Amino acid sequence: MQVYLGHPAYDPKPYTRIEPVAQAKDGCWHVYSNWKAALPTEGKVFARRLSGFREGDPLTFEVEPNPRTDTGPDQYIVTNPRAALEVLDLRSGSPEDARRTLVERGLESMLPATDTIVAALKGDVCVVLKMEQHPTLGRWVAAIDRLEALEAYVFEARLFGGDRIGGRWIAVPGVTVGPPAGVFNWCRDSDFLDAVLKRLRKAVQPVDGSLTRAQISQLVTYLSRVEVLPADGAELSSFRERLKSFVPELVHNLAVLDELVDLLCALRPIELQLASRREEIELNLRRELQQQIRQEVEREMEPLIVDRDRLVSEVSELSANASRERMEAQQARTDAEQANQAVKDELSSLLFQLSDAPIGAHKTIRVLASKLGARLREQAQEFGILAVPGAPWTKPDFAERPFHEWPEFGQTLQSNAVRYGYDLTELRLIDVAARSGELVVLPEDRAARLVNCYAEAICGGDMVRQTLDPAILSVDDLWQHSIASRPTAFGRAWAAAQFDSSRFRIVLLEGLQRTPLDLWGPTMLDLLRGPHRPPNLLVFASIGKSFLDSSRVWRGMDKWVVAVSPTPHAGLTPQLLSYVSKRAPAYACFNATSVPVPTRDDLLATLTEFEHDLNDVSLQRLGLIYRAALALGTDVDAKAWAVACADPGQGDVQVAACLRKGTEWLRELLDNEQ
C-alpha cells in the first residue's frame with residue numbers, strides 16, 4: 001500500500017481534505033508536484049473524520065477508492081491516518097551525547113500534532129522517545145517512564161537519502177523504525193546515581209557510617225541542586241583553570257588586609273572608646289526614631305481608620321439590603337409567572353369546555369370573550385379567536401398533558417417511526433425542518449398519516465387541518481374565511497401558539513393544487529421564516545395532481561420549500577393493529593420553551609465556517625436547521641444535517657438523499673402541470 005505525507009487543508013469539522021506533499025519510496029520521502037494526476041481530480045484526498053489534527057498538521061496516510069463516487073472531486077478517501085514522527089540525526093555523536101541532548105537539556109520545539117520523536121544513533125540503531133514539556137524550562141524533554149530500559153530498534157538509514165519535509169526528516173511508517181535491537185539505560189543522571197547507590201547499599205553489609213536510603217536521596221538531591229552531575233558540570237573545568245591564578249591573588253590580598261587590621265588594632269584605647277560611643281549613639285537614635293515614626297503613622301492613619309470602619313458598616317448594610325431586594329424581586333417574578341400560568345391553565349380549561357359548544361353559540365361566546373378581554377390584555381385577541389365554534393378538525397386541543405424531557409425526544413421519534421412503519425430519517429427531517437420555520441410539503445395521499453405520526457410524538461397528537469379551496473387568493477384568506485368571517489384552522493393554530501408558547505401547534509394545509517398558489521405561496525414562506533411566526537407553530541402542506549389552473553403554478557417552488565416524499569409502508573404495522581383493536585395511542589408532549597439550542601459562539605462559528613460557500617438564503621437555512629437539529633441530541637450530527645439542507649450535495653448522506661428524492665418528486669409534479 002502506497003504511503004503519503006500531507007496535511008489538512010482546513011480544520012476537520014468533522015470532515016476535511018488532505019493536501020499531499022510527498023510519497024514514500026525506497027524507504028524515504030520524495031516530494032511530488034503533479035498530484036492531480038496521481039490523485040484525481042483535485043490532487044486532494046477526502047477525510048470523513050480526522051480527530052486530533054488541525055489545519056496544517058503533518059500526517060502520514062494511505063488512500064483507497066471512494067465507494068460513494070468514481071467521478072467528481074473526491075475519488076479517494078483517507079485510510080490509516082497517523083501523526084508524522086520527526087527523526088533527529090544524532091549519529092555524529094555518542095549515544096551518551098544523544099541522551100544528554102534529549103533527556104537532560106531538551107528540545108526547543110516539536111513537530112505539531114505529536115509528542116513523540118525518533119532519534120537515529122550510531123550503528124544503524126534508533127530509539128523512540130515520548131517527549132513532554134518541562135514545567136519550568138519550557139523545553140521538550142523525554143518522559144522519564146521506563147528510560148532505565150529504553151528499547152532500541154534497527155534504523156533504516158535510507159531515509160536520509162530522500163527529501164526533507166519543511167526542513168525536517170520524517171519517519172516512514174513501518175520502514176524507518178525496524179525490529180528491536182537491544183536496550184539502553186537512558187535515565188536521568190540523578191536517577192542513575194540514586195539507583196546505583198541504593199544497589200550498592202543492598203549488596204554491601206552495612207557498617208557504622210554507611211549511607212542510609214534517606215541519606216542517599218539527600219545526597220543525590222544535593223548534587224543535582226548544585227549542578228555537579230555530568231550533564232550540568234560542563235563549566236567546572238573552566239572554573240578550575242581560572243582559579244589557578246585567581247586563588248593566589250586572593251590569598252595575597254587577604255594577607256595584606258589582615259596586616260592592615262593588625263596595625264589599626266595597635267591603637268587599642270582609641271578603638272575601645274570609638275566602639276562604646278558608637279553603640280550609645282545607635283541606641284539613642286533608635287529609641288527616638290521608633291517613637292517619632294510610631295506617632296506620625298498613628299496620626300496619619302487615624303482618619304483612614306475612621307473611614308474604613310464607616311465603609312465596612314455601609315457595605316454590610318448595602319449588602320444586606322441588596323440580598324433582601326434580590327430575594328423579593330425573584331419572589332415577585334415567580335409569583336407573576338405562576339399567576340400568568342394559572343390564568344392560561346384556567347383559560348385552556350375553558351376553551352376545552354367550549355370546544356363542544358354548538359355552531360349557533362358563537363355570538364354568546366364572542367360577548368364572553370369581549371368581557372374577558374378587559375382583564376386578559378395580551379391573551380384577549382387569541383382567546384376570542386380560539387373561543388369561536390368551529391369544526392372539530394379545525395380547533396386546537398387544549399387538554400393538559402404532562403411534558404416529557406427533551407433527552408427522550410430522539411427515542412420517541414424512533415419509536416413512532418417503528419409504530420407507523422416510516423423511515424426514521426424522513427420523520428427526523430420533517431421535525432427539524434418544521435421547527436426551523438420551513439414549509440414542509442408532502443404528497444396528498446400520505447401527508448395526513450405522516451403528520452399525525454409526528455404529532456403523536458411531539459404535541460400529544462394535536463393537529464388541525466385546513467382544506468384549501470380556490471377562494472384562497474392571499475395569505476389573509478388563510479387567517480379568516482372570506483365568506484363566513486370565521487377564523488380558519490390556520491388562524492386558530494397561530495392564535496393557540498401565541499396563547500400558550502409552551503405547547504407545539506401543528507397545522508396541515510391540504511390541497512395546495514386547488515389554489516392559485518403563486519399568488520400567496522411566496523408570501524406565506526416569508527412569513528413562516530420571519531419574526532412574526534410563533535416558534536411553536538409547525539406548518540405542513542400537501543399537494544397532489546390536477547392543478548386548478550396550470551398558469552397559477554408556483555414555478556421554482558421545489559427550490560424554496562422542504563419537500564419530502566415518504567415511502568409508503570407495505571404490510572402490517574403496530575399502529576394499524578392498535579387502531580383496529582381500539583387501543584389509545586401512546587402520546588408524548590414536549591415543552592417548546594425549553595428546546596435545547598446552541599450557544600451564540602457555537603452558532604457564530606458554524607455560520608462563519610460556511611459564509612463564503614453559500615448565499616444568504618442558504619446560510620439562513622443552515623443556521624436555523626443547525627439550531628433545530630440540536631434537539632435530537634447525539635442521535636444526529638447537527639452540523640452535517642444543516643449542511644445537507646443548505647447544500648444537498650454535501651453533509652449527511654442520508655439526509656441529502658431524502659431531500660433529493662423529495663425535490664425530484666415535487667419538480668416532476670410541477671413540470672407535468674406546466
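Model, not experiment: these values are computed from the prediction. Below, each value reflects all heavy atoms present in this structure, side chains not excepted, and no hydrogens, waters or symmetry copies.
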Quick check for you: to the nearest 0.5 Å, what is the distance between Asp397 atom CG and Cys459 atom SG? 9.0 Å
To the nearest 0.5 Å, atom CD of Glu664 lies from atom CG of Asp671 at 11.5 Å
About how many Å separate CG of Leu666 and CG of Leu512, when rounded to the nearest 0.5 Å? 9.0 Å
For the CG atom of Asp652 and the CH2 atom of Trp641, what is their distance to the nearest 0.5 Å? 6.5 Å
Applying the side chain to side chain contact (heavy atoms under 4.5 Å, CB included) criterion to Cys658, which one of Leu429, Asp423, Thr663 satisfies it? Leu429
Are side-chain heavy atoms of Arg435 and Leu538 found at a separation under 4.5 Å? yes
Treating Arg503 as the side-chain partner and Arg401 as the backbone partner, does any N or O pair qualify as donor plus acceptor under 3.5 Å? yes
Residues Glu42 and Pro73: closest non-hydrogen pair is OE2-CB, 3.5 Å
Is it true that atom CD of Gln654 has more than 12 heavy atoms of other residues, nucleotides or ligands lying nearer than 6.0 Å? no
Mutual orientation of the aromatic rings belonging to Trp494 and Trp479 [parallel < 30°, tilted 30-60°, perpendicular > 60°]: perpendicular
Heavy atoms, side chains only, cut-off 4.5 Å: are Cys645 and Leu659 in contact? yes
Do Arg621 and Val562 come close enough that some side-chain heavy atom pair is under 4.5 Å? yes
Under 3.5 Å: donor-acceptor pair, side chain of Thr608, backbone of Leu604: yes
Under 4.5 Å between any side-chain heavy atoms of Val553 and Leu517, yes or no? no
Exercise: do Asp526 and Thr523 side chains pair donor with acceptor under 3.5 Å: no
Judged by atom type as modelled, is there a donor-acceptor pair below 3.5 Å linking the side chain of Arg533 to the main-chain atoms of Leu528? yes
Show the nearest heavy-atom pair for residues Leu622 and Ala642, with the distance to one decimal. O-CB, 3.4 Å
Within the 3.5 Å criterion, strictly below it, is a donor on Thr515 or Trp520 matched to an acceptor on the partner's side chain? yes
Could you tell me whether Arg505 and Asp462 have a side-chain N and a carboxylate O separated by less than 4.0 Å? yes
Quick test of your reading of the model: are Arg552 and Asp518 salt-bridged, counting only N-O distances below 4.0 Å? yes
Okay, side chain of Arg446, backbone of Pro566: is any donor-acceptor separation there less than 3.5 Å? yes
Residue pair Gln575 / Glu456, side-chain donor-acceptor N/O under 3.5 Å: no
Is a donor on one side and an acceptor on the other found under 3.5 Å between the side chain of Ser436 and the backbone of Ala433? yes
Any chance you could lay out the salt bridge (Lys or Arg N to Asp or Glu O under 4.0 Å) test for Glu328 and Arg333, step after step, and finish with the verdict? CA-CA 9 Å; Glu328 292 176 355; Arg333 284 194 297 268; over 6 Å; no
To the closest 0.5 Å, what do you measure between CH2 (Trp560) and CG (Leu439)? 13.5 Å
Assess whether a salt bridge exists between Arg667 and Asp558, defined as any Lys/Arg side-chain N lying under 4.0 Å from an Asp/Glu carboxylate O. yes
The reported gap from OG1 in Thr606 to OH in Tyr626 (rounded to nearest 0.5 angstrom) is 4.0 Å
Please collect all salt bridge (Lys or Arg N to Asp or Glu O under 4.0 Å) contacts where either partner lies in residues 596-610, sequence neighbours excluded, each pair once. Glu609-Lys639
Does any part of the side chain of Arg428, heavy atoms only, come nearer than 4.5 Å to the side chain of Leu413, both counted from C-beta? yes
Side-chain heavy-atom pair Gln513, Leu548 within 4.5 angstrom cut-off: no
Under 30°, 30 to 60°, or over 60°: which ring-plane class applies to Tyr15 and Tyr10, parallel, tilted or perpendicular? perpendicular
Looking only at heavy atoms, the pair that brings Met463 and Ala455 closest together is CB-CB, 4.3 Å
Distance-only, no hydrogens or angles: does the Asn416 side chain make a donor-acceptor pair with backbone N or O of Cys453 under 3.5 Å? yes
Is a side-chain donor-acceptor pair under 3.5 Å present for Thr567 with Lys661? yes
Check: Thr593 main-chain N/O paired with Ser502 side-chain donor or acceptor under 3.5 Å: no
Return the orientation label for the Tyr422 and Tyr420 ring planes: parallel under 30°, perpendicular over 60°, tilted otherwise. parallel
Who passes side chain to side chain donor-acceptor pair (under 3.5 Å) against Asp57, sequence neighbours left out? none
Quick check against the 3.5 Å criterion: does Asp477 have a side-chain atom that pairs as donor or acceptor with the backbone of Leu473? yes
Using a 6.0 Å cut-off, check whether atom CZ of Arg627 has over 12 heavy atoms from anything other than its own residue. no
Between Arg465 (side chain) and Leu508 (backbone), is there a donor-acceptor pair under 3.5 Å? no
Any heavy-atom pair between the side chains of Leu50 and Ile18 that's under 4.5 Å? yes
Using every non-hydrogen atom in the two residues, find where Phe504 and Pro535 come nearest and quote the distance to one decimal. CE2-O, 4.4 Å
Examine distances only and state if a side-chain atom of Asn536 and a backbone atom of Ala497 form a donor-acceptor pair shorter than 3.5 Å. yes
Under a 4.5 Å cut-off applied to non-hydrogen side-chain atoms, are Phe610 and Val643 in contact? yes
Short N-O contact, Lys13 and Glu55, less than 4.0 angstrom: no
